[in-house]
Amino acid sequence: MEARSWAPRRQLCPPGSMLLAFASLLGCLLTSSQAKVYSRCELARVLQDFGMEGYRASTLADWVCLAYFTSGFNTAAVDHEADGSTNNGIFQINSRKWCKNLNPEVPNLCQMYCSDLLNPNLKDTVICAMKIVQQPQGLASWEAWRRRCQGKDLSDWVDGCDL
């Protein structure tokens, strides 16, 4: 007769990892169902309502240009970096420093989850962006703004928007 071991079977996945994977998938599905792609003028009006015109010497055109070249005006845009961090939302705010993802070691200077930056109402995104431009680099904190918007005539970004 063969002896049978009563030792617990080895699981293929660590406990809780299936739940985490399911929660992540569910979060992605919920976020994508709430995604909003703004038009140029609609975004300019929303940012104006949030007081972004003139904030730290920026213009609405700066912000609209930045949003276009980082996310194509898509609130649900998420870009995964080689270091494991993510760029999140319409301004592609990075999780390495500004928001909390799954890594508890990040500074989370905006004091919010990265998923909060995917909300189409933009409140959390604007709050975090305002914190970022308070840094010495200002809008130059975004490479896309430095390369595509800085030093250029940006008036076309808000022309005809009835602001």
Non-hydrogen side-chain atoms of Gln111 and Trp98 separated by less than 4.5 Å: no
With a 3.5 Å distance limit and no angle check, can you tell me whether Ser95 reaches the backbone of Thr86 through a side-chain donor-acceptor pair? yes
Cysteine SG atoms at Cys99 and Cys114 closer than 2.5 Å: yes
My understanding is that only one of Asn87, Asn88, Asp83 makes a side chain to side chain donor-acceptor pair (under 3.5 Å) with Ser85; could you say which? Asp83
Test side-chain hydrogen bond (donor to acceptor under 3.5 Å, both in side chains) applied to Thr59 and Asp62, step by step: CA-CA 5 Å; Thr59 66; Asp62 282 314; 3.1 Å; yes
May I ask you to decide if Ala67's main-chain N or O and Ser71's side chain share a donor-acceptor pair within less than 3.5 Å? yes
Could you report the tightest heavy-atom contact between Ala129 and Ile93, atom names first, then the distance? N-CD1, 4.2 Å
Considering all heavy atoms, the nearest Leu163-Arg45 contact: CD2-CG, 3.5 Å
Do the non-hydrogen side-chain atoms of Ser58 and Met52 ever get within less than 4.5 Å of each other? no
Please find the pair of heavy atoms, one from Arg148 and one from Phe69, that lie closest to each other, and give the distance. NH1-CD2, 3.0 Å
Between Arg146 (side chain) and Ala140 (backbone), is there a donor-acceptor pair under 3.5 Å? yes
Would you call the rings of Trp157 and Tyr68 parallel, tilted or perpendicular if under 30° counts as parallel and over 60° as perpendicular? tilted
Do side-chain atoms of Thr70 reach the backbone of Ile90 as a donor and acceptor pair under 3.5 angstrom? yes
Quick one: are Leu117 and Cys128 in side-chain contact, heavy atoms under 4.5 Å? yes
Could you tell me whether Lys36 and Glu42 have a side-chain N and a carboxylate O separated by less than 4.0 Å? yes
Are Val46 and Met130 connected into the same hydrophobic cluster when the rule is that any two of I, L, V, M, F, W, Y join if their side-chain heavy atoms are below 4.5 Å apart? yes
OH/Tyr113: more than 12 non-hydrogen atoms of other groups inside 6.0 Å: no
For the backbone of Ala77 and the side chain of Gln92, can you confirm whether one donor and one acceptor N or O come within less than 3.5 Å of each other? yes
Lys123, NZ: over 12 other non-hydrogen atoms inside 6.0 angstrom: no
Quick one, Tyr38 and Leu122 - any side-chain contact, counting heavy atoms below 4.5 Å? yes
Within-4.5 Å side-chain heavy-atom neighbours: Gln34 and Asn119: no
side-chain contact (heavy atoms from CB on, under 4.5 Å) with Trp63: which of Leu154, Val133, Val158, Leu43? Val133
So which atom in Lys100 and which in Val106 form the shortest heavy-atom distance, rounded to 0.1 Å? CA-CG2, 4.2 Å
Backbone of Lys131 reached by a side-chain donor or acceptor of Arg56 within 3.5 Å: no
